[in-house]
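Each chain gets a letter, A, B and so on, in the order the sequences are listed, and its residues count up from 1.
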Amino acid sequence: MENSDFAGIFRRMGEFLELREDNPFKIRAYEKAAANIESLSEPLESVYRKGGIPALREIPGIGEAIAEKIEELIKTGRLKAYRKLEKEFPKKFIELMSVPGLGPKTAIMLKKKLKIDSVAKLESAAKKGLLKGLPGMKEKKIENIKKGIEQHKRHISRALLPVAFEHAFALVNYLKKLKGVEEAVPAGSLRRLQETIGDIDILVISEEPESAIEGFVKYPEVDRVLARGETKSSVVLADGIQVDLRVLGRSDFGAALHYFTGNKAHNIEIRQLAQDKGMKVSEYGIFKGKKRVGGEKEEDIFSLLGLDYIEPELRQGQGEIEAAKTGKLPKLIEIKDIRGDLHVHTNASDGSNTIEEMAEAAKKLGYEYIAITDHTVSSRIASGLTEKELLANIKKVDAANKRVKGIKILKGAEVDIRPDGKMDYPDGILKQLDVVIAAVHSKFTMNKKEMTDRIISAIENKYVNILAHPTGRLLGSRDPYELDMEKVLKAAQGTGTFIELNAHPVRLDLFDIYCREAAKMGILIAINTDSHTTMQFGNIKWGIAAARRGWLEKKNVLNALPVDKLLKKLRQKRGK
DNA sequence: GCCGTTTTCGGCCCGACTGTTTTCAGTCG
């Protein structure tokens, strides 16, 4: 079982207990355990193998009861307590609670009164007018449920970061022009630069909240107003994205921005810490008793709690507060630290521009080097190069190096890892390249062991420098393939192979937890754009965002090295 | 169910909005 499977089970346990109106703190305990398991870099199974129940209990949020449940799951592959509840509340029934505005109480009532146990049944009951007359159900509530079902159906997938950014950018500009609005800034998962965005959160600073809210709900893109109060409002935009707005005064800005930026786990942890220190944190400031002691600046919250400033990308409740207590926060990588791009395509395979055009574009960004890494013969769809074509391309790189001054163009290839683990070119060809990237482009459905073996055998090839887009996921369209990442990282560590964090906004793997793990193991990460046009070099910002969420520093990143050191690193594996 | 240089028992983050409730429950972030 994967960590995500354990987390899923415990999260579901929380939902079961919520439906049973169990102790709310018990529910939170399960949620917390699930979240902590999810952010663990080591597989739970291996934690258990090494240290049994005592080792499990060292994980925050896991105590006696949950540790025993994990043991039961590992030993028997099932959990009695879970099975029992699963029968009572099947998955389809649980889905009812993902309809906006419909929570556990209503779901239970619907089940009791009308035997409704799925969104589909709820929809047909609503259409038939069966909801009328149920407890707490009148015109407006029924109408809201109907709209909620529509929203639920339309909005199952989350928005990619760049898409959400565009929406937020336009909206913020609109809000800033409203009367009395001093400031409008994106917060929430957008400010944390999460790879996908559920809702857009925006904080507005104004001393006239009513008129700010008034202007907000009149934004031309607004399709539906979900809530409209004195200081907050929620709307759904025409393309289904929800936007939550919060209006606060200038003096609350820091506290409000903090409250609206961290995820739930981070905020709970901060407030818990404040409580332990005899203080209280809310969006209105930080308080000692009744006395407000800060909140104008975001830094107030951290400094008064004895913490170093935590960058927004780290506010995920994954150990950042503990690290901030002890001065152990990373100094996060920044765009300006990047000195080159090691994964670049040209019109020799499936790119759009020539080698020279790509090199000139990279030079404009201030890069010292790029590597030309077109596809290899097996990637027919991507017009992969034959050996002969590759050799011709190498000569073109030599010629380009002479013509384009001020940037070093490296010879490379993005070489397919065949299903049997062999590389798409023989070693005799690979050794003529400066940079060899290995990647899986076919047969994604292999089982975990086969895929792990396949990738490890590529890593073990002494000419392979970088494992590209290591999980193969495409956000919104393809799940990651089955892979034992722990083994892959160990192989990379043992052989001196680097791992790519692909900056394309639909890829963005390596995921954050593995970035952290790789960095801990001393594996260098290459943050590459995989550019197929000159425009795509700009995608580096999404890669940097993902890297920062993965706690990476400049020293962890391969292409933050100057060219001479980079070349030395690349040659190390070959024993030169 | 978890957790502890105040506690091994008694706590557990904080606040806003809606709709139906005549004083508040349910839901959300």
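- Residue contacts shown for Lys32(A) are absent, as no nucleic acid heavy atom lies under 4.0 Å away.
- Atom-to-atom, CG of Asn144(A) to C1' of dT27(B) comes out at 12 Å; the value is rounded to the nearest Å.
- One interatomic measurement links the two molecules: CD1 of Ile142(A) to P of dT18(B), which rounds to 19 Å at whole-angstrom precision.
- At a threshold of 4.0 angstrom between heavy atoms, the contacts of Leu102(A) are confined to the sugar-phosphate backbone, with no base atom among them.
- What separates CD of Glu31(A) from P of dC2(B) is a distance of 14 Å, to the nearest Å.
- Nearest-nucleotide positions on DNA chain B place Ala29(A) closer to the 5' end than the other of Lys138(A) and Ala29(A).
- Taking the nucleotide of DNA chain B with the nearest heavy atom to each of Glu64(A) and Asn267(A), the more 5' of the two is matched to Glu64(A).
- A distance of 13.5 Å separates CG in Leu257(A) from CD in Glu296(A), rounded to the nearest 0.5 Å.
- With dG19(B), dA16(B), dC13(B) as the choices, the nucleotide that has an atom nearest any side-chain atom of Lys140(A) turns out to be dG19(B).
- Across all strands shown, Arg28(A) has heavy atoms under 4.0 Å from base atoms, whether or not it also approaches the sugar-phosphate.
- A salt bridge links Lys121(A) to Asp117(A): one of the charged nitrogens lies within less than 4.0 Å of a carboxylate oxygen.
- Across all strands, Thr106(A) comes closer than 4.0 Å only to sugar-phosphate atoms, never to a base (heavy-atom distances).
- Within the nucleic acid shown, Lys141(A) comes within 4.0 Å of sugar-phosphate atoms alone, with no base atom in reach, counting heavy atoms only.
- Looking at heavy atoms from C-beta onward, Gln242(A) lies in side-chain contact with Gln151(A) at the 4.5 angstrom threshold.
- A salt bridge links Lys127(A) and Glu123(A); the closest N-O separation between the charged side-chain nitrogens and carboxylate oxygens is under 4.0 Å.
- With hydrogens and angles left out, the side chain of Asp201(A) and the base of dG29(B) share no donor-acceptor pair within 3.5 Å.
- At a threshold of 4.0 angstrom between heavy atoms, the contacts of Glu269(A) with the nucleic acid are absent.
- Note on Arg548(A) versus Glu313(A): salt bridge recorded, some NZ/NE/NH1/NH2 to OD/OE distance being below 4.0 Å.
- Nucleic acid contact class of Val99(A) (heavy atoms, under 4.0 Å, all strands): sugar-phosphate only.
- Taking atom CZ on Phe216(A) and atom P on dA16(B), their separation rounds to 18 Å, with Å as the unit.
- Among the atoms of the strands shown, none is found under 4.0 Å from any heavy atom of Pro24(A).
- Per the geometry, CD belonging to Gln275(A) stands 16 Å off P belonging to dC3(B), to the nearest Å.
- To the nearest angstrom, P of dC2(B) lies 7 Å from OH of Tyr30(A).
- Nucleic acid contact class of Asn23(A) (heavy atoms, under 4.0 Å, all strands): base.
- Side-chain proximity of Lys105(A) to the nucleotides dG1(B), dG26(B), dA16(B) is greatest for dG26(B).
- Arg12(A) has no carboxylate O lying under 4.0 Å from a charged side-chain N of Glu86(A), or vice versa, which leaves the two without a salt bridge.
- An OP1 or OP2 oxygen of dC13(B) is reached within less than 4.0 angstrom by no side-chain nitrogen or oxygen of Tyr284(A).
- As judged by a 4.0 angstrom heavy-atom cut-off over every strand, Thr231(A) is placed among residues touching the sugar-phosphate backbone only.
- Atom CD of Glu21(A) is separated from atom C1' of dG26(B) by 11 Å (rounded to the nearest Å).
- When heavy atoms are screened at a 4.0 angstrom cut-off, Ile62(A) is found touching the sugar-phosphate backbone but no base atom.
- Under the Watson-Crick and G-U wobble criteria, each requiring two contacts below 3.5 Å, nucleotide dA25(B) is paired to dT18(B).
- In this structure, the CD atom of Glu283(A) is 11 Å from the P atom of dC14(B), given to the nearest Å.
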